[in-house]
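Okay, structure first, notes after.
Throughout, protein chains are lettered first and strands after them, A, B, ... in sequence-line order, and every chain is numbered starting at 1.
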Amino acid sequence: MTQDLLENLNDKQRLAVETDDGPILVLAGAGSGKTRVLTCKIARLMEQRKAKPWEILAVTFTNKAAGEMRKRVEEFAGMMVDGMWIGTFHSICARILRMEIDALGYQSNFSIYDTDDQIRQIQYVMDKLNLNAKQLRPRSVQHIISDNKNRMVSVDRYEQEAANFGDRQIASVYREYEDAMRRNNALDFDDLLLKTLDLFTRHDAVLRKYQSRFKYVLVDEYQDTNKAQYYIVKQIASTHRNICVVGDEDQSIYRWRGADIENILGFEKDYPEATVIRLEQNYRSTQNILDAANAVVANNKKRLGKNLWSHKDSGPKIQIHQLVDENAEALQVVDILKDQYVRNGHAYNDMAILYRTNAQSRALEDRLRRGNVPYTLVGGTKFYDRKEVKDVLAYLRILVNQQDAVALRRIVNYPSRGIGATSQERLETHAAEQGISLYEALQRAAEITTINAGTRAKMQNFAEALDAIVADVDKVSAYELAHLVIDRFRLKEQYQMSSAIEDETRLENINELLNSIAVFTEQARDDDVSLQRYLEDVSLLTDLDRWDPGFSAVTLMTLHSAKGLEFPVVIIAGMEEGLFPLFRSLEREDDLEEERRLFYVGMTRAEDALYLLWAGQRRRFTGDGSGMSYRNTASRFLAEIPSDFKNDRRLDSFASGYRPRQRQRFKERDAFTAAATAIDNEAGYKIGDWVQHDTFGRGQILGIEGSGVGLKLSILFGKKLKKIIAEYANLERLDK
DNA sequence: CAGACAAGGCTTTTT
DNA sequence: GCCTTGTCTG
């Protein structure tokens, strides 16, 4: 099997695949087939009987990438490969810690806190320390703590180095936060890495176990690893020294969260015997796009240097459009998409719109919706961050880990059960005085004489109701537990009673959450359908992991999220000085270079066509002045593209600037109506038709896929785009 | 103690 | 402009 695969590789790729032993550094340019190399390599290791599946550790950047890698390895190897560890740093560390963390004095049912949970805990600590949330914002403290953890600065060191009053204040919050996290039996994202490292450092036997187990260690996107990740990999691989890292210093875009480019630049110093392989043939983009991207990134000083080349045609030039404002920009985007759809036959999911900041999506979404272009948004408000979803998850978390005070605080009076702020405060005080958890205090509410008898009874009722479900945690599946909790605590009720559209959406989100638990229960690979495992999976999921590239819709996402992906047509919006590069990065050369690498990443996502848009005026919500419009000049990056590769269209004058808006509107309608009616189907659904759905209400059809029983409709209900199988949905046609 | 209303902050990127 | 947080009233 792998023989055929090997023959399809180029010489460099084959060398990377066939070099089995010792350290390997693969410098893989954008689109050079590194995923293919990694998957072939893993399949081959097993085929050559160099390693059993469980002796391989592969680290990827997203869970989605991990899932795809596993799928492809299984295809190549022609078998299921259970027991192989593929995942992100965070998920792999969580897995190790579940088994070993008792050595560090935690329990294996620890909670994983996301940024929101962290901020709540910090807020609580600050209240306790009587710190004013206005002078010192919990959000910035969270930032500072996370930043220090990323740089592996412990509380002790931070305390010692705190030079002024402000730093000492932060140090005291940091200290209290760490103590609280331990009491809560909770770890934040950064802790997952740090505690693993801690474990390895303090417990040699544990480290040796993993060192001998993992004969082969492979790391993707190595340029974006931080110090802690670097040490984790180094420690695990130090016995067998079969470590293969793949990366591209030109695509290092996570310095701001502690990624250390030195990790990849210094690999040869760490492993002098390393084989270094450069993959420079690009299989993705046209020569024009590549030449332009090469020219842009060549302006960076800190790089190893490489030049990508391609066998593809030169392709169309990069189209640069100047627009009047963000509105005109969005209209232009719609225009381009429709043109590519109608004229070049590109499907919606062949196209992506990328931007520097999430805030830019709003204007774009607005126009896409009005232009009847189906789209999916990655990022922004994430599904698992929604209030109603977090509420249910908090209940589930407390079932698994009763020490999780952040979860308990969230649900103790939600839905309202008459346990108000004053009573909660007394409960907290009692817990602190007795040195017991908040949950325990709740169970023993009867002893808290400061709280009035009625409220004490309510507390005890609540604790007993929770206890009853906790007793079932190990006996019942995650799905059943979720149902139990939702029924017992009536978590859907308030939304069911309301007729407000946003409450319907909330209800829908709870149902979607239940659905995701059902899917988890069915698909669990290693028979672990426990609630604990589900919660772990969920807390480490990103919005990108929920993205379905096969869904017939245009993708909107940040440039950061787009790393590792590719699209035939790419539009980058907001190419303005101050926005991209972002003004905060203009002062430091290092930051500017990172912005340039980000642009490089964006450009090299495009296979065939690349559009760069900028607006002379853009409304932005900065600190003080609300909704001010700013005048912009073109991004310096546009000028860095040699003129041979671009077609730069500027507005002639201010007066002519407004005319295209009118024209575009007409063009939009004509071109699109034609396209829309062209894709008809036997059931007679047309794009643009209005339908009524039993639960979702009124919606408009934006996309049609498949036929007959498999006919799938993408329907926009309010703000929510749903993919529905026409056969099963009881759709009613509406005239308008 | 809960719900309604107003003020304030926010926007760089993510595990 | 929207969402979260704080304040007021019943």
Is [X] near enough to [N] that one of its side-chain N or O atoms lies under 4.0 angstrom from OP1 or OP2?
X      : N      : result
A/S91  : B/dT15 : no
A/S539 : B/dT15 : no
A/T357 : B/dT11 : no
A/N413 : B/dA2  : yes
A/R139 : B/dT11 : yes
A/T558 : B/dT14 : yes
A/T422 : B/dC1  : yes
A/N358 : B/dT13 : yes

Does the ring of A/Y414 carry A/K387 above it, NZ/CZ under 6.0 angstrom from centre and within 45° of its axis? yes
I want to confirm an ordering. Mapping A/W256 and A/I419 to their closest nucleotides on DNA chain B, which one lands closer to the 5' end? A/I419
Comparing nearest nucleotides in DNA chain B, the 5'-proximal residue of the pair A/Y254, A/G418 is A/G418
Could you tell me how far apart [X] ([atom1]) and [N] ([atom2]) are, to the nearest whole angstrom?
X      : N      : atom1 : atom2 : result
A/R417 : B/dG3  : CZ    : P     : 13 Å
A/R588 : B/dT12 : CZ    : C1'   : 15 Å
A/D385 : B/dT11 : CG    : P     : 13 Å
A/D114 : B/dT14 : CG    : P     : 14 Å
A/R410 : C/dT4  : CZ    : P     : 10 Å
A/D366 : C/dC2  : CG    : C1'   : 14 Å
A/Q494 : B/dA2  : CD    : C1'   : 12 Å
A/H143 : B/dC10 : NE2   : C1'   : 13 Å

Applying ring pair (Phe, Tyr, Trp, His ring centres under 6.0 Å), name anything that partners [X], two or more places apart in sequence or on another chain.
X      : value
A/Y534 : A/F520
A/Y231 : none
A/F637 : A/F580, A/F599
A/H560 : A/Y254, A/W256

From C-beta outward on [X], which listed nucleotide comes closest to its side chain: [options]?
X      : options                : answer
A/T88  : B/dT15, B/dT13, B/dA2  : B/dT15
A/A359 : B/dT12, B/dT11, B/dT15 : B/dT11
A/S416 : B/dG3, B/dG9, B/dT13   : B/dG3
A/R137 : B/dG9, B/dT13, B/dC1   : B/dG9

Taking only residues two or more places apart in sequence, or in another chain, which ones meet A/D224 in a side chain to side chain donor-acceptor pair (under 3.5 Å)? A/K563
Return the set of residues passing side chain to side chain donor-acceptor pair (under 3.5 Å) with A/Y210 (not counting sequence neighbours), or none when no residue passes. A/E100
Residues touching DNA chain B, which here means a heavy atom under 4.0 Å, drawn from residues 448-455 of chain A: none
With sequence neighbours left out, write down each residue that passes salt bridge (Lys or Arg N to Asp or Glu O under 4.0 Å) with A/D590, or none if nothing qualifies. A/R255, A/K302, A/R588
Sequence neighbours excluded, which residues qualify as salt bridge (Lys or Arg N to Asp or Glu O under 4.0 Å) partners of A/K492? none
Show me the protein contacts with nucleotides 8-10 of chain C, counting only N or O atoms at under 3.5 Å.
none

Between C/dT4 and B/dT13, how far apart are the two P atoms, rounded to whole Å? 16 Å
Flag, side chain of A/N148 to backbone of A/I145, donor-acceptor distance under 3.5 Å: no
Salt-bridge test for A/E326 and A/R367: reply yes if a basic N is under 4.0 Å from a carboxylate O, no otherwise. no
Taking the basic N atoms (NZ, or NE/NH1/NH2) and the acidic carboxylate oxygens, is any pair closer than 4.0 Å for A/R303 and A/E593? no
With the criterion set at under 5.5 Å between ring centres and under 30 degrees between planes, would B/dT15 be stacked on A/F89? no
Output a table of nitrogen or oxygen pairs between the protein and nucleotides 4-6 of chain B separated by less than 3.5 Å.
none

If you look only at pairs with a residue in residues 572-582 of chain A, which of them pass as a salt bridge (charged side-chain N to carboxylate O under 4.0 Å, His left out), with sequence neighbours excluded? A/E576-A/R618, A/E577-A/R636
